[in-house]
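Step one of this worksheet: look at the structure below.
Source: prediction; values computed, not measured. Residue numbers start from 1 in every chain, and the chains themselves are labelled A, B, ... in the order their sequence lines are given, proteins ahead of strands.
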2 protein chains.
Amino acid sequence: MSIVDAAAGVFCREGFAGANIDLIAAEAGVSRQTVYNHHRDKEKLFIAVVRDLTERCNAGIFATIATFPDQPGDLEADLIAFAVRLNQNCICNRDGKFLRKLIQTEGERYPELFAEWREQGPGRTWPAIAARFARLAYGGHLTIDDPDVAARQFLGLVNAELQTTFMLGGTPSEDEVVQSATSGVRTFLRAFGKRPSPTSVKRHTALANA
Amino acid sequence: MSIVDAAAGVFCREGFAGANIDLIAAEAGVSRQTVYNHHRDKEKLFIAVVRDLTERCNAGIFATIATFPDQPGDLEADLIAFAVRLNQNCICNRDGKFLRKLIQTEGERYPELFAEWREQGPGRTWPAIAARFARLAYGGHLTIDDPDVAARQFLGLVNAELQTTFMLGGTPSEDEVVQSATSGVRTFLRAFGKRPSPTSVKRHTALANA
DNA sequence: ACAAATTTAGACACTCTTGTCCAAATCGTC
DNA sequence: GACGATTTGGACAAGAGTGTCTAAATTTGT
């Protein structure tokens, strides 16, 4: 395991102040001196860790966004599968857990560093997801006013059941992820889905609602 | 300011390991020795802080749940107002912010302590909110399958726009809270609200949906 | 005003951690 | 096998923090 990987784990478990360079070195399987050779001091090492996690997580998220259903066959099933992928590959995996925890615990101590994350992360991924929803709406598969809002609500819904687990730093089971995604997508489609018109493909109807 | 209050602030800012008893004493306006007189050691003090926050937050949440709209005049406006109250009085206030941060940062270090919180907090408040939604559904104002799921989705929706701010430990502005609650409730009602039947009061229709 | 309880300031021992230094060992490459 | 670069382990100084102790000061109740 690389030094940065080991450091990520220790920083997450112990926090910045509690993290011990000896322990990081031991978990990385190198001597303490090597840690200091590669990264001048504890703070530089921490910054390297966050940058590394941000990059890897972003890559994963964009790769997953690329699998967003464009020409849905069964929209419900496709969205559920997408939500599950997003959770399993980007949010519940090691990198996602670590990055989330570091942001929560040390975000206030390094405003510039995490402002960077905010721009590169949510600032780029949310619009990307919103664009995919806009495309579905344009194609007549959804009825959406504001794609940005819809995208954030989609994420809020499919993670609604996992909040407590996330808070405590736990990893939800595959079952829980599927459960939450399923009920989340169902609600999402009740709000934004087209009303049952199984035949028409190109009609771009807006359903008045009150 | 009491010792426990000062300790809450310092533990939140610095984390458990980084918190300094001298600093806590100074912010509380007492001598270090007094801190040790009241709370045997750092860990006992930390536990006292979490217990205190949990109690106060729970009290606030239940007080706010008591204002849940039972006989809604304008359901949308009533739910938005409720969501805003919940956020302002229980989640965005000092206690809420502190408790959330302590759970996120130290949750894994004190499993029993935070298991207690989980039982007393989400374990009791979520069902309470679900019960209020069930009542609205029973009264014919909403169409809900599973009130527990609906309650969690309601919370996920009205907070959907505030996630990033929460993550970084910030406090959303009143405007942001209202914005998020408004679009969240609108979506919630699109999914669970009764379809436009402005006259009938007691008809308990279930709308098939695909 | 007096006695008991509490608080205070400071000194103190102890532990832990960071970051540096250096000589010996190990590794990679030719 | 030899040479340069890297790694290693250990010692080390400096600083910071915890928790204890004590004698003096202050508060509290009566």
Nearest to the side chain of [X], which nucleotide is it out of [options]?
X	options	answer
R32(A)	dG19(D), dG17(D), dT20(C)	dT20(C)
S31(A)	dT18(D), dG9(D), dT18(C)	dG9(D)
N37(A)	dA9(C), dG19(D), dT7(D)	dT7(D)

Within the 4.0 Å heavy-atom criterion, would you say [X] contacts the bases, only the backbone, or no part of the nucleic acid?
X	result
H39(A)	nothing
A25(A)	nothing
A19(B)	sugar-phosphate

*Would you indicate, yes or no, if dT7(C) has its OP1 or OP2 atom less than 4.0 angstrom from a side-chain nitrogen or oxygen of H38(B)?*
yes
*asked:* Taking only side-chain N and O atoms of T34(B), does any of them lie within less than 4.0 angstrom of OP1 or OP2 on dT7(C)?
replied: no
*Do L136(B) and F68(B) have side-chain heavy atoms sitting under 4.5 Å apart?*
yes
_Spacing of N93(B) atom CG and F98(B) atom CZ [to the nearest 0.5 Å]_ = 10.0 Å
*Could you go through the salt bridge (charged side-chain N to carboxylate O under 4.0 Å, His left out) check for R56(A) and D5(A) one step at a time?*
CA-CA 12 Å; R56(A) 274 217 296 266; D5(A) 284 337; 3.3 Å; yes
Rounding to an integer number of Å, can you tell me how far [X] [atom1] sits from [N] [atom2]?
X	N	atom1	atom2	result
K42(A)	dT20(C)	NZ	C1'	17 Å
I3(B)	dT7(C)	CD1	C1'	11 Å
I24(B)	dG17(D)	CD1	P	12 Å
D22(A)	dT8(D)	CG	C1'	13 Å
K44(B)	dT18(D)	NZ	C1'	14 Å

*With ring centroids as reference points, do F46(A) and Y110(A) lie under 6.0 angstrom apart?*
yes
*Starting at the 5' end of DNA chain C, which residue's closest nucleotide do you reach first, N20(A) or R40(A)?*
N20(A)
*So which one's nearest nucleotide on DNA chain C is more toward 5', Q33(A) or I21(A)?*
I21(A)
*Is the F188(A) ring parallel, tilted or perpendicular to the F133(A) ring (thresholds 30°, 60°)?*
tilted
